[in-house]
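Before any comments, here is the structure.
Letters go in sequence order (proteins before strands), and every chain restarts at 1. A quick note: this is a predicted structure, and the numbers were derived from the prediction, not measured.
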2 protein chains.
Amino acid sequence: MNDGHQSLEPIAWIRTPFRDKFTVPRQSGLVNQAKGIIQFCPDFADADRLQDFRAHSHYWLIWGLHLHQHTDKSLAVRPPRLGGNQKTNVFTTRSPFRPNNLGLSAVKLDTIDSAHQQIHVMGVDMVDNTPIYDIKPYLPYADSINSATSTWANSAPVRCFDVRYRETARQQLTQYEQQHAVPVMPLVSELLAHDARPAYHGKTAGKTAGRSAEKIADKATPASPRIYYSQIYTLAIAWQVEGDTLTVLSATELSAVELSTAKLSATELATNQSEIKKPINPS
Amino acid sequence: MNDGHQSLEPIAWIRTPFRDKFTVPRQSGLVNQAKGIIQFCPDFADADRLQDFRAHSHYWLIWGLHLHQHTDKSLAVRPPRLGGNQKTNVFTTRSPFRPNNLGLSAVKLDTIDSAHQQIHVMGVDMVDNTPIYDIKPYLPYADSINSATSTWANSAPVRCFDVRYRETARQQLTQYEQQHAVPVMPLVSELLAHDARPAYHGKTAGKTAGRSAEKIADKATPASPRIYYSQIYTLAIAWQVEGDTLTVLSATELSAVELSTAKLSATELATNQSEIKKPINPS
């Protein structure tokens, strides 16, 4: 420990609606409907102590960006807030591509389930099955710094889109909600209202190197706009953008095989629906 | 990484005025005069990128509670805010005795020294030479949660004491300030105004098991109140409390040998002053 190196052991894991990095909210608290279930590991689950969480309304989570393996030492990233083209020091951003792969999120306490060593929280911004290394109370007198300023991230990202649903999508989502007793539509509406697309797509469409979104997006043709897929629970939500309107085209339940593949094509989505699974994370 | 274990490498080290755990402010931002110098490690020091820190006024530091080695798995701690006697879940507290030994502090940016790969910050609450694992900007729109509530830590700890100086102490501090060009008196005044004593000392003096403060405090006699020592830079500040008044008795410069010992007695302080050192951390 003299050289400052330290090893971390998960104290809990968080289950969230997000099955891939694309579409995960860009900050905690942005999408209130994004619910997470924190499942404590056996060594750190004391049912008698779980009710203590009632003391505060919000908590900080320190967690592992476990899908990112930061290998190069480059300190420069291109945050979406700066248009996706301008480089800045990673430590002046919340970019997920960072040394030590540590995430920090403020979440709101929802309910406590002592019987299952779980606490339920709102406003999560991590993918499903993320390891949690520490939880600390949000202390309003110390953490809410009203005088804090930022030159390029002072206000919340604008909700860009009016989210609409094709009739097919609405029916599929309603059916899913009834089947699994989990409200998906409010989450999808809140989530997609923010622009999840890479900064170099859309109006500023350009030539910058890839991001996962591109891999799972069908190529746009001059006639029809590009179709994107977001995985929410076990659903592949297909959507496209025209002007200020985002239209959800369909919400197709995925098989276990599809859930384990990062790259989805429209064909795969249409053909392999034999293995309908219950969502891993119904509330 | 499948089991969620992760290893951390310092990206920087922070130099602070605090040479022992006793007297370190109980939260970041509480003692504005507490200045820290973040020295980036060579791999993470890009002089060209250091000016980027100007973009935001405050930053989060994720750091290692490297003096604490949490070995037992007990989740229950007794925070001072609950009187020091009531147990609660460690994850509902900011106690330094926690699994994974991770600290989280919001600090204010002061100055940037690109030539030395340093940034200077204010409001630190860690001991000198603490490893830093990540730095993230404080984003007002996401991090300043005005609606957050807490049942037992809603307001800042009260400044309990009117801090006074014996003439000897005042002279010693003035001399130190002139010699090292570092303002110590404002820091001492702000720092000691909060009650650094363990909850079981003072009015509620009791019999609870020890904390480091006790080890370095001379035993009180019925005639005179207990004397405490706080190490600030290379000074041993001796102080005592009577009613609402805290009196700084002396400020003695320590030798390198004394600085490396955790346990100080008044005798040692009085006798071994041969090796006067420059402070490691003058600004």
Side-chain angles (χ1 to χ4, degrees), chain A residues 1 4-11 13 27-30 43-44 46 49-50 52-53 55-58 60 62 64 66 73 75-76 88-89 91-94 98-102 104 106 131 133-156, chain B residues 1 4-11 13 27-30 43-44 46 49-50 52-53 55-58 60 62 64 66 73 75-76 88-89 91-94 98-102 104 106 131 133-156:
Chain A
M1 189 68 182
H5 283 66
Q6 184 170 326
S7 59
L8 301 179
E9 168 187 6
I11 56 118
W13 294 82
Q27 280 303 318
S28 58
L30 271 190
D43 276 348
F44 304 101
D46 182 342
R49 295 256 73 95
L50 225 58
D52 295 341
F53 277 96
H56 316 277
S57 66
H58 291 70
W60 288 109
I62 301 179
H66 64 307
K73 301 273 187 190
L75 288 178
T88 189
N89 189 316
F91 299 127
T92 69
T93 78
R94 295 287 191 106
R98 58 196 315 115
N100 287 322
N101 298 311
L102 289 177
L104 177 65
Y133 299 119
D134 203 2
I135 301 175
K136 297 176 194 276
Y138 186 99
L139 299 184
Y141 76 86
D143 299 341
S144 187
I145 306 174
N146 290 314
S147 63
T149 57
S150 165
T151 54
W152 50 264
N154 234 335
S155 56
Chain B
M1 190 67 181
H5 284 66
Q6 185 169 327
S7 59
L8 301 179
E9 167 188 6
I11 56 117
W13 295 82
Q27 280 304 316
S28 58
L30 271 190
D43 276 348
F44 304 100
D46 181 343
R49 294 256 74 96
L50 225 59
D52 295 341
F53 277 96
H56 316 277
S57 66
H58 291 71
W60 290 109
I62 300 180
H66 63 309
K73 300 272 187 188
L75 289 179
T88 190
N89 189 315
F91 299 128
T92 69
T93 78
R94 295 287 191 108
R98 59 197 315 117
N100 286 323
N101 298 309
L102 289 176
L104 176 66
Y133 299 118
D134 203 2
I135 302 176
K136 296 175 195 275
Y138 186 99
L139 299 185
Y141 76 84
D143 300 340
S144 186
I145 305 174
N146 290 314
S147 63
T149 57
S150 165
T151 54
W152 49 263
N154 234 336
S155 56

task = Find out whether A:His5 and B:Pro10 are in side-chain contact, i.e. whether some heavy atom of one side chain is under 4.5 Å from a heavy atom of the other.
result = yes
inquiry  = So for A:Thr93, is it side chain, backbone, both, or neither that comes closer than 4.5 Å to the heavy atoms of chain B?
reply    = backbone
task = Start with the C-alpha distance between B:Leu102 and A:Gln6, add both sets of side-chain angles, then the distance that settles side chain to side chain contact (heavy atoms under 4.5 Å, CB included), and finish with yes or no.
result = CA-CA 10 Å; B:Leu102 289 176; A:Gln6 184 170 326; 4.1 Å; yes
key: For chain B, the option from A:Ala55, A:Ala153, A:Gly29, A:Ala106 that forms the most heavy-atom pairs under 4.5 Å   = A:Ala55
ask   = Among B:Leu30, B:Asn89, B:Leu139, B:Asn154, which residue forms the greatest number of heavy-atom pairs with chain A at distances under 4.5 Å?
value = B:Asn89
ask   = Which value, rounded to the nearest 0.5 Å, describes the distance between B:Trp60 atom CH2 and A:Trp60 atom CH2?
value = 4.5 Å
key: Minimum heavy-atom distance A:Arg98-B:Asp134, with the two atoms named   = NE-OD2, 2.8 Å
message = Please find the pair of heavy atoms, one from B:Pro137 and one from A:Thr92, that lie closest to each other, and give the distance.
response = CG-O, 3.3 Å
ask   = With a 4.5 angstrom heavy-atom cut-off, which part of A:Ile62 approaches chain B: side chain, backbone, both or neither?
value = side chain
query = Out of A:Ser7, A:Ser57, A:Pro140, A:Ser28, which one racks up the most heavy-atom pairs below 4.5 Å with chain B?
reply = A:Ser57
request  = Looking only at non-hydrogen atoms, find the nearest pair between A:Tyr138 and B:Ala148 and report the distance.
outcome  = CD2-CB, 3.5 Å
Top contributor to chain B interface from A:Ile11, A:Ile145, A:Asp46, A:Leu50 [non-hydrogen pairs under 4.5 Å] = A:Ile145
request  = Could you label the plane-to-plane angle of the A:Phe53 and B:Phe91 rings as parallel, tilted or perpendicular, counting under 30° as parallel and over 60° as perpendicular?
outcome  = parallel
ask   = Which one, A:Thr149, A:Thr151, A:Leu104, leads in non-hydrogen pairs under 4.5 Å with chain B?
value = A:Thr149
ask   = What residue, out of A:Ser147, A:Ala142, A:Ser155, has the most heavy-atom pairs lying under 4.5 Å from chain B?
value = A:Ser155
query = Out of A:Leu8, A:Asp52, A:Asp143, which one racks up the most heavy-atom pairs below 4.5 Å with chain B?
reply = A:Leu8
